[in-house]
Number of protein chains: 2
Amino acid sequence: MRLSSSQENYLKAIYKLEVGDGIATNQSLAALVEATPASVTNMLRKLTEAGWVEYQAYQGATLTPSGRNEAVTLVRKHRLWEVFLVEKLHYDWDAVHSLAEELEHIGGEELINRLDAFLEHPAYDPHGDPIPNAKGVVRIRQHAIAASEAVVGDRFVVCGVKDSSSLFLRHLDKLSICLGKAYTLIDLLEFDQSAVWTEKDSALTSVSNEVAKNVLIQLTDE
Amino acid sequence: MRLSSSQENYLKAIYKLEVGDGIATNQSLAALVEATPASVTNMLRKLTEAGWVEYQAYQGATLTPSGRNEAVTLVRKHRLWEVFLVEKLHYDWDAVHSLAEELEHIGGEELINRLDAFLEHPAYDPHGDPIPNAKGVVRIRQHAIAASEAVVGDRFVVCGVKDSSSLFLRHLDKLSICLGKAYTLIDLLEFDQSAVWTEKDSALTSVSNEVAKNVLIQLTDE
DNA sequence: TTTGGTTTTTAGCTCAGGCTAAAAATTTTA
DNA sequence: TAAAATTTTTAGCCTGAGCTAAAAACCAAA
Ligand SMILES: [Mn+2]
Ligand SMILES: [Mn+2]
Ligand SMILES: [Mn+2]
Ligand SMILES: [Mn+2]
(Lines give C-alpha, C1' and ligand atoms only; values in the text may rest on other atoms or scores of the structure.)
(Ligands and ions follow the chains in the order given, each with its own letter.)
Protein backbone atom coordinates (compact mmCIF):
# COMPACT_ATOMS: atom_id res chain seq x y z
CA MET A 1 0.00 0.00 0.00
CA ARG A 2 1.47 3.27 -1.22
CA LEU A 3 1.32 6.32 1.03
CA SER A 4 -0.13 9.62 -0.17
CA SER A 5 1.80 12.87 0.31
CA SER A 6 -0.60 13.78 3.05
CA GLN A 7 -0.08 10.51 4.88
CA GLU A 8 3.66 10.91 4.56
CA ASN A 9 3.44 14.35 6.13
CA TYR A 10 1.59 12.88 9.10
CA LEU A 11 4.24 10.19 9.61
CA LYS A 12 6.99 12.78 9.49
CA ALA A 13 5.13 14.95 11.99
CA ILE A 14 4.68 12.08 14.45
CA TYR A 15 8.36 11.27 14.06
CA LYS A 16 9.38 14.84 14.81
CA LEU A 17 7.24 14.93 17.93
CA GLU A 18 8.55 11.56 19.12
CA VAL A 19 12.13 12.72 18.70
CA GLY A 20 11.30 15.95 20.51
CA ASP A 21 8.96 16.02 23.53
CA GLY A 22 8.14 12.36 23.19
CA ILE A 23 4.38 12.48 22.69
CA ALA A 24 2.44 13.10 19.51
CA THR A 25 -0.84 14.44 20.76
CA ASN A 26 -3.73 15.11 18.55
CA GLN A 27 -3.32 18.83 18.88
CA SER A 28 0.43 19.05 18.35
CA LEU A 29 -0.01 16.96 15.22
CA ALA A 30 -2.78 19.22 14.01
CA ALA A 31 -0.45 22.20 14.37
CA LEU A 32 2.38 20.49 12.47
CA VAL A 33 0.35 19.25 9.53
CA GLU A 34 -1.82 22.36 9.49
CA ALA A 35 -5.17 20.64 9.87
CA THR A 36 -7.82 20.46 12.55
CA PRO A 37 -7.69 17.92 15.40
CA ALA A 38 -10.77 16.27 13.93
CA SER A 39 -8.94 15.64 10.67
CA VAL A 40 -6.00 14.23 12.60
CA THR A 41 -8.18 11.70 14.42
CA ASN A 42 -9.49 10.63 11.08
CA MET A 43 -6.10 10.18 9.48
CA LEU A 44 -4.60 8.44 12.51
CA ARG A 45 -7.29 5.82 12.26
CA LYS A 46 -6.37 5.13 8.66
CA LEU A 47 -2.65 5.01 9.36
CA THR A 48 -3.30 2.62 12.24
CA GLU A 49 -5.41 0.40 10.00
CA ALA A 50 -2.58 0.28 7.52
CA GLY A 51 0.01 -0.55 10.13
CA TRP A 52 2.14 2.60 10.12
CA VAL A 53 1.00 3.95 13.44
CA GLU A 54 -0.11 2.66 16.82
CA TYR A 55 -2.86 4.63 18.36
CA GLN A 56 -5.72 4.31 20.79
CA ALA A 57 -8.37 6.93 21.35
CA TYR A 58 -7.22 9.75 23.65
CA GLN A 59 -3.73 8.22 23.97
CA GLY A 60 -1.79 9.95 21.18
CA ALA A 61 0.09 8.20 18.37
CA THR A 62 3.39 6.37 18.05
CA LEU A 63 5.05 4.99 14.94
CA THR A 64 5.39 1.29 14.25
CA PRO A 65 8.84 0.17 13.07
CA SER A 66 7.75 0.42 9.44
CA GLY A 67 6.19 3.81 10.11
CA ARG A 68 9.42 5.04 11.67
CA ASN A 69 11.29 3.71 8.67
CA GLU A 70 9.11 5.68 6.28
CA ALA A 71 9.49 8.80 8.38
CA VAL A 72 13.27 8.60 8.48
CA THR A 73 13.39 8.09 4.73
CA LEU A 74 11.25 11.20 4.32
CA VAL A 75 13.54 13.23 6.53
CA ARG A 76 16.44 11.97 4.43
CA LYS A 77 14.71 12.98 1.21
CA HIS A 78 13.74 16.38 2.58
CA ARG A 79 17.24 17.24 3.76
CA LEU A 80 18.98 15.97 0.64
CA TRP A 81 16.73 18.09 -1.56
CA GLU A 82 17.50 21.07 0.67
CA VAL A 83 21.20 20.48 0.13
CA PHE A 84 20.61 20.28 -3.61
CA LEU A 85 18.66 23.53 -3.67
CA VAL A 86 21.27 25.43 -1.68
CA GLU A 87 24.47 23.89 -3.08
CA LYS A 88 23.51 23.46 -6.70
CA LEU A 89 20.73 25.94 -7.36
CA HIS A 90 22.11 28.58 -4.98
CA TYR A 91 18.91 29.19 -3.07
CA ASP A 92 19.17 30.97 0.27
CA TRP A 93 18.89 28.68 3.27
CA ASP A 94 15.65 30.32 4.34
CA ALA A 95 13.91 29.60 1.05
CA VAL A 96 14.29 25.86 0.61
CA HIS A 97 11.99 24.34 3.18
CA SER A 98 8.71 24.60 1.33
CA LEU A 99 10.14 23.29 -1.93
CA ALA A 100 11.74 20.34 -0.14
CA GLU A 101 8.38 19.75 1.51
CA GLU A 102 7.02 18.94 -1.95
CA LEU A 103 10.09 17.27 -3.47
CA GLU A 104 10.35 14.79 -0.58
CA HIS A 105 7.22 13.02 -1.83
CA ILE A 106 8.58 12.19 -5.25
CA GLY A 107 10.12 8.91 -6.36
CA GLY A 108 11.61 6.22 -4.20
CA GLU A 109 14.86 4.80 -2.92
CA GLU A 110 16.48 4.87 -6.32
CA LEU A 111 16.02 8.58 -6.89
CA ILE A 112 17.12 9.59 -3.44
CA ASN A 113 20.20 7.38 -3.44
CA ARG A 114 21.24 8.81 -6.79
CA LEU A 115 20.72 12.32 -5.48
CA ASP A 116 22.75 11.42 -2.39
CA ALA A 117 25.62 10.17 -4.55
CA PHE A 118 25.43 13.24 -6.80
CA LEU A 119 25.72 15.48 -3.74
CA GLU A 120 28.59 13.30 -2.47
CA HIS A 121 26.80 11.96 0.59
CA PRO A 122 26.44 15.13 2.63
CA ALA A 123 26.21 14.61 6.40
CA TYR A 124 24.22 17.74 7.22
CA ASP A 125 21.53 19.81 5.55
CA PRO A 126 21.79 23.60 5.13
CA HIS A 127 20.38 24.16 8.61
CA GLY A 128 22.90 21.86 10.26
CA ASP A 129 20.47 18.98 10.71
CA PRO A 130 21.96 15.52 10.18
CA ILE A 131 20.97 13.53 7.09
CA PRO A 132 20.01 9.89 7.77
CA ASN A 133 21.97 7.46 5.61
CA ALA A 134 20.48 4.97 3.14
CA LYS A 135 19.99 2.44 5.94
CA GLY A 136 17.99 4.95 7.95
CA VAL A 137 20.66 5.56 10.54
CA VAL A 138 20.76 9.13 11.85
CA ARG A 139 24.21 10.06 13.04
CA ILE A 140 23.63 12.21 16.11
CA ARG A 141 25.35 15.54 16.14
CA GLN A 142 27.96 15.48 18.92
CA HIS A 143 28.04 17.89 21.85
CA ALA A 144 25.68 20.43 20.37
CA ILE A 145 24.26 22.87 22.90
CA ALA A 146 22.28 26.08 22.64
CA ALA A 147 24.51 29.16 22.40
CA SER A 148 22.67 30.51 25.45
CA GLU A 149 24.41 27.84 27.57
CA ALA A 150 27.88 29.14 26.85
CA VAL A 151 29.82 31.06 29.50
CA VAL A 152 32.18 33.98 29.03
CA GLY A 153 35.46 32.85 27.54
CA ASP A 154 33.99 29.86 25.67
CA ARG A 155 35.14 29.34 22.10
CA PHE A 156 32.66 27.65 19.81
CA VAL A 157 31.54 26.95 16.30
CA VAL A 158 27.98 27.51 15.09
CA CYS A 159 26.62 24.15 13.93
CA GLY A 160 22.86 24.43 13.73
CA VAL A 161 19.64 26.21 14.54
CA LYS A 162 16.64 25.26 16.66
CA ASP A 163 14.26 27.57 14.85
CA SER A 164 14.49 27.24 11.10
CA SER A 165 11.77 29.70 10.21
CA SER A 166 12.53 32.08 7.38
CA LEU A 167 12.25 34.97 9.77
CA PHE A 168 14.91 33.66 12.13
CA LEU A 169 17.26 32.54 9.37
CA ARG A 170 17.13 35.90 7.67
CA HIS A 171 17.82 37.52 11.03
CA LEU A 172 20.97 35.42 11.34
CA ASP A 173 21.93 36.52 7.83
CA LYS A 174 21.69 40.12 8.98
CA LEU A 175 24.03 39.36 11.89
CA SER A 176 26.17 37.43 9.37
CA ILE A 177 25.98 34.39 11.55
CA CYS A 178 26.19 31.20 9.51
CA LEU A 179 27.03 27.54 10.03
CA GLY A 180 30.70 26.80 10.56
CA LYS A 181 31.69 30.22 11.85
CA ALA A 182 33.87 30.27 15.00
CA TYR A 183 33.35 32.77 17.81
CA THR A 184 34.44 33.52 21.34
CA LEU A 185 31.87 34.63 23.89
CA ILE A 186 33.45 37.73 25.40
CA ASP A 187 30.62 39.19 27.42
CA LEU A 188 27.18 38.46 28.83
CA LEU A 189 25.18 41.57 29.67
CA GLU A 190 23.22 41.17 32.85
CA PHE A 191 20.64 43.77 31.91
CA ASP A 192 19.01 41.83 29.07
CA GLN A 193 20.98 38.54 28.92
CA SER A 194 22.33 39.55 25.54
CA ALA A 195 25.76 38.24 24.57
CA VAL A 196 28.74 39.69 22.76
CA TRP A 197 30.56 37.37 20.41
CA THR A 198 33.79 38.05 18.61
CA GLU A 199 35.04 36.34 15.53
CA LYS A 200 38.80 35.87 16.02
CA ASP A 201 39.11 39.20 17.84
CA SER A 202 37.81 41.23 14.91
CA ALA A 203 34.20 42.39 14.57
CA LEU A 204 31.87 42.14 17.54
CA THR A 205 28.43 40.66 17.19
CA SER A 206 25.72 41.45 19.67
CA VAL A 207 23.35 38.55 20.13
CA SER A 208 20.08 38.70 22.04
CA ASN A 209 19.21 35.89 24.41
CA GLU A 210 16.26 34.99 22.19
CA VAL A 211 18.66 34.44 19.31
CA ALA A 212 21.26 32.59 21.42
CA LYS A 213 18.62 30.13 22.60
CA ASN A 214 17.95 29.16 19.00
CA VAL A 215 21.52 28.83 17.77
CA LEU A 216 23.28 25.49 18.27
CA ILE A 217 27.01 25.45 18.86
CA GLN A 218 29.86 23.07 19.55
CA LEU A 219 32.45 24.15 22.09
CA THR A 220 35.98 23.98 20.77
CA ASP A 221 39.02 23.20 22.92
CA GLU A 222 41.52 25.80 24.07
CA MET B 1 -6.17 30.60 -9.14
CA ARG B 2 -3.56 27.89 -8.75
CA LEU B 3 -3.72 24.79 -10.97
CA SER B 4 -3.68 21.29 -9.49
CA SER B 5 -1.30 18.65 -10.86
CA SER B 6 -4.21 17.00 -12.52
CA GLN B 7 -5.32 20.20 -14.21
CA GLU B 8 -1.78 20.82 -15.38
CA ASN B 9 -1.69 17.37 -16.93
CA TYR B 10 -4.85 18.15 -18.88
CA LEU B 11 -3.41 21.42 -20.22
CA LYS B 12 -0.25 19.64 -21.32
CA ALA B 13 -2.31 16.95 -23.02
CA ILE B 14 -4.39 19.47 -24.94
CA TYR B 15 -1.21 21.23 -25.95
CA LYS B 16 0.33 18.02 -27.26
CA LEU B 17 -2.74 17.23 -29.31
CA GLU B 18 -2.92 20.77 -30.70
CA VAL B 19 0.71 20.61 -31.78
CA GLY B 20 0.12 17.17 -33.32
CA ASP B 21 -3.10 16.35 -35.21
CA GLY B 22 -4.63 19.67 -34.35
CA ILE B 23 -7.76 18.60 -32.46
CA ALA B 24 -8.08 17.66 -28.81
CA THR B 25 -11.12 15.45 -28.79
CA ASN B 26 -12.64 14.15 -25.66
CA GLN B 27 -11.46 10.67 -26.39
CA SER B 28 -7.89 11.45 -27.35
CA LEU B 29 -7.57 13.49 -24.16
CA ALA B 30 -8.97 10.65 -22.11
CA ALA B 31 -6.28 8.38 -23.52
CA LEU B 32 -3.48 10.86 -22.77
CA VAL B 33 -4.46 11.65 -19.21
CA GLU B 34 -5.56 8.08 -18.52
CA ALA B 35 -9.09 8.85 -17.48
CA THR B 36 -12.55 8.20 -18.92
CA PRO B 37 -14.20 10.56 -21.43
CA ALA B 38 -16.76 11.40 -18.77
CA SER B 39 -14.04 12.64 -16.44
CA VAL B 40 -12.58 14.67 -19.28
CA THR B 41 -15.87 16.46 -19.96
CA ASN B 42 -15.99 17.31 -16.30
CA MET B 43 -12.49 18.70 -16.12
CA LEU B 44 -12.81 20.64 -19.37
CA ARG B 45 -15.79 22.46 -17.96
CA LYS B 46 -13.75 23.55 -14.95
CA LEU B 47 -10.76 24.61 -17.01
CA THR B 48 -13.08 26.59 -19.26
CA GLU B 49 -14.67 28.30 -16.26
CA ALA B 50 -11.22 29.27 -15.04
CA GLY B 51 -10.17 30.63 -18.43
CA TRP B 52 -7.44 28.16 -19.43
CA VAL B 53 -9.40 26.40 -22.12
CA GLU B 54 -12.02 27.20 -24.72
CA TYR B 55 -14.54 24.51 -25.20
CA GLN B 56 -18.10 23.94 -26.29
CA ALA B 57 -19.94 20.71 -25.92
CA TYR B 58 -19.14 18.19 -28.68
CA GLN B 59 -16.55 20.55 -30.21
CA GLY B 60 -13.31 19.54 -28.51
CA ALA B 61 -11.00 21.82 -26.57
CA THR B 62 -8.43 24.47 -27.43
CA LEU B 63 -6.10 26.38 -25.12
CA THR B 64 -6.53 30.07 -24.40
CA PRO B 65 -3.32 32.11 -24.58
CA SER B 66 -2.80 31.77 -20.84
CA GLY B 67 -3.56 28.06 -21.04
CA ARG B 68 -0.99 27.63 -23.78
CA ASN B 69 1.49 29.54 -21.69
CA GLU B 70 1.00 27.22 -18.76
CA ALA B 71 1.32 24.20 -21.02
CA VAL B 72 4.58 25.37 -22.55
CA THR B 73 6.02 26.08 -19.11
CA LEU B 74 5.08 22.56 -18.09
CA VAL B 75 6.80 21.10 -21.11
CA ARG B 76 9.85 23.16 -20.22
CA LYS B 77 9.82 21.91 -16.64
CA HIS B 78 9.32 18.31 -17.72
CA ARG B 79 12.18 18.35 -20.19
CA LEU B 80 14.60 20.18 -17.92
CA TRP B 81 14.01 17.66 -15.14
CA GLU B 82 14.62 14.88 -17.66
CA VAL B 83 17.95 16.46 -18.53
CA PHE B 84 18.82 16.69 -14.85
CA LEU B 85 17.97 13.05 -14.23
CA VAL B 86 20.01 11.81 -17.16
CA GLU B 87 22.98 14.19 -17.03
CA LYS B 88 23.42 14.55 -13.29
CA LEU B 89 21.86 11.47 -11.75
CA HIS B 90 22.86 9.16 -14.62
CA TYR B 91 19.45 7.63 -15.18
CA ASP B 92 18.87 5.79 -18.46
CA TRP B 93 16.88 7.78 -20.99
CA ASP B 94 14.04 5.27 -20.84
CA ALA B 95 13.56 5.69 -17.07
CA VAL B 96 13.08 9.42 -16.63
CA HIS B 97 9.66 10.14 -18.03
CA SER B 98 7.53 9.12 -15.08
CA LEU B 99 9.71 10.94 -12.55
CA ALA B 100 9.65 14.10 -14.65
CA GLU B 101 5.90 13.70 -14.86
CA GLU B 102 5.80 14.32 -11.08
CA LEU B 103 8.65 16.81 -10.79
CA GLU B 104 7.12 19.10 -13.41
CA HIS B 105 4.36 20.05 -10.97
CA ILE B 106 6.67 21.38 -8.28
CA GLY B 107 7.58 25.00 -7.68
CA GLY B 108 7.37 27.88 -10.11
CA GLU B 109 9.38 30.04 -12.45
CA GLU B 110 12.14 30.60 -9.93
CA LEU B 111 12.93 26.91 -9.44
CA ILE B 112 12.84 26.06 -13.09
CA ASN B 113 14.99 28.99 -14.14
CA ARG B 114 17.58 28.08 -11.54
CA LEU B 115 17.53 24.49 -12.75
CA ASP B 116 17.90 25.72 -16.32
CA ALA B 117 20.94 27.79 -15.37
CA PHE B 118 22.46 24.92 -13.39
CA LEU B 119 22.11 22.66 -16.44
CA GLU B 120 23.59 25.45 -18.59
CA HIS B 121 20.49 26.12 -20.65
CA PRO B 122 20.21 22.87 -22.57
CA ALA B 123 18.44 23.09 -25.92
CA TYR B 124 17.18 19.50 -26.09
CA ASP B 125 15.98 16.88 -23.65
CA PRO B 126 17.38 13.33 -23.53
CA HIS B 127 14.95 12.23 -26.25
CA GLY B 128 15.93 15.02 -28.61
CA ASP B 129 12.86 17.14 -27.92
CA PRO B 130 13.46 20.90 -27.83
CA ILE B 131 13.23 22.71 -24.49
CA PRO B 132 11.18 25.93 -24.56
CA ASN B 133 13.09 28.90 -23.18
CA ALA B 134 12.07 31.04 -20.20
CA LYS B 135 9.90 33.19 -22.46
CA GLY B 136 8.02 30.14 -23.67
CA VAL B 137 9.55 30.12 -27.13
CA VAL B 138 10.08 26.66 -28.57
CA ARG B 139 12.94 26.58 -31.04
CA ILE B 140 11.81 24.21 -33.77
CA ARG B 141 14.22 21.44 -34.63
CA GLN B 142 15.44 22.03 -38.19
CA HIS B 143 15.03 19.59 -41.06
CA ALA B 144 14.19 16.58 -38.92
CA ILE B 145 12.61 13.72 -40.85
CA ALA B 146 11.82 10.11 -40.03
CA ALA B 147 14.70 7.76 -40.80
CA SER B 148 12.28 5.78 -42.99
CA GLU B 149 12.31 8.70 -45.47
CA ALA B 150 16.02 8.41 -46.19
CA VAL B 151 17.25 6.92 -49.47
CA VAL B 152 20.30 4.77 -50.11
CA GLY B 153 23.46 6.80 -49.88
CA ASP B 154 22.09 9.38 -47.48
CA ARG B 155 24.30 10.41 -44.57
CA PHE B 156 22.52 11.51 -41.43
CA VAL B 157 22.67 12.09 -37.71
CA VAL B 158 20.12 10.66 -35.29
CA CYS B 159 18.46 13.58 -33.53
CA GLY B 160 15.27 12.35 -31.92
CA VAL B 161 12.56 9.74 -31.55
CA LYS B 162 8.86 9.73 -32.31
CA ASP B 163 8.06 6.98 -29.85
CA SER B 164 9.61 7.56 -26.46
CA SER B 165 8.19 4.53 -24.72
CA SER B 166 10.58 2.61 -22.54
CA LEU B 167 10.19 -0.39 -24.80
CA PHE B 168 11.30 1.46 -27.90
CA LEU B 169 14.13 3.31 -26.18
CA ARG B 170 15.56 0.11 -24.76
CA HIS B 171 15.32 -1.43 -28.21
CA LEU B 172 17.43 1.41 -29.58
CA ASP B 173 19.92 0.80 -26.76
CA LYS B 174 20.23 -2.81 -27.94
CA LEU B 175 20.99 -1.61 -31.46
CA SER B 176 23.33 0.94 -29.85
CA ILE B 177 21.52 3.73 -31.62
CA CYS B 178 21.64 6.95 -29.65
CA LEU B 179 21.20 10.66 -30.25
CA GLY B 180 24.05 12.32 -32.09
CA LYS B 181 25.37 9.21 -33.85
CA ALA B 182 26.10 9.57 -37.57
CA TYR B 183 25.25 6.85 -40.11
CA THR B 184 25.08 6.24 -43.81
CA LEU B 185 22.12 4.34 -45.24
CA ILE B 186 23.79 1.70 -47.40
CA ASP B 187 20.91 -0.60 -48.26
CA LEU B 188 17.15 -0.87 -48.24
CA LEU B 189 15.88 -4.44 -48.44
CA GLU B 190 12.83 -4.75 -50.60
CA PHE B 191 11.58 -7.89 -48.90
CA ASP B 192 10.70 -6.29 -45.55
CA GLN B 193 11.62 -2.60 -45.99
CA SER B 194 14.38 -3.02 -43.43
CA ALA B 195 17.43 -0.79 -43.76
CA VAL B 196 21.14 -1.30 -43.31
CA TRP B 197 23.03 1.54 -41.70
CA THR B 198 26.75 1.85 -41.28
CA GLU B 199 28.58 4.01 -38.83
CA LYS B 200 31.62 5.40 -40.68
CA ASP B 201 32.09 2.17 -42.64
CA SER B 202 32.56 0.05 -39.55
CA ALA B 203 29.80 -2.03 -37.92
CA LEU B 204 26.55 -2.55 -39.78
CA THR B 205 23.22 -2.01 -38.07
CA SER B 206 20.08 -3.61 -39.39
CA VAL B 207 17.04 -1.47 -38.77
CA SER B 208 13.46 -2.60 -39.29
CA ASN B 209 11.05 -0.24 -41.01
CA GLU B 210 9.03 -0.04 -37.79
CA VAL B 211 12.11 1.29 -36.02
CA ALA B 212 13.12 3.64 -38.83
CA LYS B 213 9.67 5.25 -38.80
CA ASN B 214 10.18 6.20 -35.17
CA VAL B 215 13.72 7.54 -35.38
CA LEU B 216 14.19 11.18 -36.33
CA ILE B 217 17.28 12.19 -38.31
CA GLN B 218 18.92 15.19 -39.90
CA LEU B 219 20.53 14.69 -43.29
CA THR B 220 24.12 15.87 -43.41
CA ASP B 221 25.79 17.32 -46.49
CA GLU B 222 28.38 15.57 -48.63
C1' DT C 1 -33.94 10.22 -44.70
C1' DT C 2 -33.90 6.78 -41.72
C1' DT C 3 -31.06 3.70 -39.27
C1' DG C 4 -27.16 2.29 -36.72
C1' DG C 5 -22.69 3.15 -34.72
C1' DT C 6 -19.67 6.31 -32.32
C1' DT C 7 -18.75 9.98 -29.32
C1' DT C 8 -20.03 12.99 -25.77
C1' DT C 9 -22.69 14.28 -22.00
C1' DT C 10 -25.53 13.54 -17.94
C1' DA C 11 -26.74 11.42 -13.66
C1' DG C 12 -25.52 9.39 -9.77
C1' DC C 13 -21.78 7.18 -6.99
C1' DT C 14 -17.16 6.63 -4.59
C1' DC C 15 -13.07 7.88 -2.17
C1' DA C 16 -9.46 10.88 -0.03
C1' DG C 17 -8.90 14.47 2.78
C1' DG C 18 -10.40 18.25 4.52
C1' DC C 19 -13.94 21.26 7.59
C1' DT C 20 -17.40 22.82 11.69
C1' DA C 21 -20.21 22.10 15.59
C1' DA C 22 -21.58 19.34 19.20
C1' DA C 23 -20.82 15.45 22.34
C1' DA C 24 -17.80 12.77 25.19
C1' DA C 25 -13.68 11.98 27.69
C1' DT C 26 -9.94 13.56 30.23
C1' DT C 27 -7.39 16.69 33.04
C1' DT C 28 -6.98 20.61 36.03
C1' DT C 29 -8.46 23.55 39.55
C1' DA C 30 -10.98 25.04 43.37
C1' DT D 1 -14.34 15.47 44.90
C1' DA D 2 -17.07 18.34 42.20
C1' DA D 3 -16.88 21.85 38.79
C1' DA D 4 -14.54 23.94 35.06
C1' DA D 5 -11.50 23.86 31.31
C1' DT D 6 -9.30 21.42 27.79
C1' DT D 7 -8.74 17.87 24.52
C1' DT D 8 -10.46 14.37 21.60
C1' DT D 9 -13.96 12.20 19.15
C1' DT D 10 -18.23 11.92 16.58
C1' DA D 11 -21.54 13.36 13.22
C1' DG D 12 -22.53 15.44 9.26
C1' DC D 13 -21.01 18.18 5.42
C1' DC D 14 -17.97 19.70 1.38
C1' DT D 15 -14.72 19.65 -2.59
C1' DG D 16 -11.70 17.57 -6.14
C1' DA D 17 -11.18 14.06 -9.09
C1' DG D 18 -12.24 10.10 -10.47
C1' DC D 19 -15.77 6.09 -12.00
C1' DT D 20 -20.04 3.46 -14.51
C1' DA D 21 -24.23 3.23 -16.94
C1' DA D 22 -27.61 5.38 -19.50
C1' DA D 23 -29.21 9.18 -22.39
C1' DA D 24 -28.35 12.44 -25.98
C1' DA D 25 -26.02 14.20 -29.88
C1' DC D 26 -23.59 13.58 -33.88
C1' DC D 27 -21.99 11.23 -38.13
C1' DA D 28 -22.12 7.89 -41.83
C1' DA D 29 -24.37 4.54 -44.68
C1' DA D 30 -27.88 2.45 -46.85
MN1 LIG E 1 5.89 17.27 2.63
MN1 LIG F 1 16.45 21.64 6.97
MN1 LIG G 1 2.60 15.38 -14.81
MN1 LIG H 1 11.40 13.71 -23.07
**Q** Which whole-number value in Å describes the distance from I23(B) CD1 to dC27(D) P?
**A** 11 Å
**Q** Just the rounded figure in Å: distance from C1' of dG18(C) to CD of E34(A).
**A** 13 Å
**Q** Check the phosphate of dA16(C) against S6(A), side-chain N and O only, distance under 4.0 Å to OP1 or OP2. Yes or no?
**A** no
**Q** Just by distance, no angles: are the side chains of H97(A) and H78(A) close enough, under 3.5 Å, to form a donor-acceptor pair?
**A** yes
**Q** In whole angstrom, give the distance that lies between atom CD of E49(A) and atom P of dC15(C).
**A** 14 Å
**Q** For W81(B) and W81(A), take the angle between the two ring planes, folded into 0 to 90°, and tell me which bin it lands in: parallel under 30, tilted 30 to 60, perpendicular over 60.
**A** perpendicular
**Q** Rounded off to whole Å, could you give me the CG-to-P distance for the N9(B) and dA17(D) pair?
**A** 11 Å
**Q** Going 5' to 3' along nucleotides 3-13 of chain C, which nucleotides have protein heavy atoms under 4.0 Å from the base (write B), which only from the sugar-phosphate (write S), and which from neither (write -)?
**A** ----SBBB---
**Q** Quick one: does NZ or CZ of R114(B) land under 6.0 Å from the six-membered ring centre of Y91(A), within 45 degrees of the ring axis?
**A** yes
**Q** With a non-hydrogen cut-off below 4.0 angstrom, is T36(A) in contact with a base, only sugar-phosphate, or nothing?
**A** base
**Q** Under the ring pair (Phe, Tyr, Trp, His ring centres under 6.0 Å) rule, collect the residues that match up with W197(A), sequence neighbours excluded.
**A** F156(A), Y183(A)
**Q** Calculate the interatomic distance between L3(B) atom CG and dT15(D) atom C1'; express it in whole Å.
**A** 17 Å
**Q** Does the side chain of E8(A) pick up a donor-acceptor pair with the side chain of H105(A) at under 3.5 Å?
**A** yes
**Q** Which whole-number value in Å describes the distance from L47(A) CG to dA16(C) C1'?
**A** 12 Å
**Q** Whole angstroms only, please: what is the CE-P distance between M43(A) and dC15(C)?
**A** 16 Å
**Q** Could you list all the ring-ring contact (aromatic ring centres under 6.0 Å, His included) pairs where at least one residue sits in residues 24-60 of chain A, not counting sequence neighbours?
**A** none
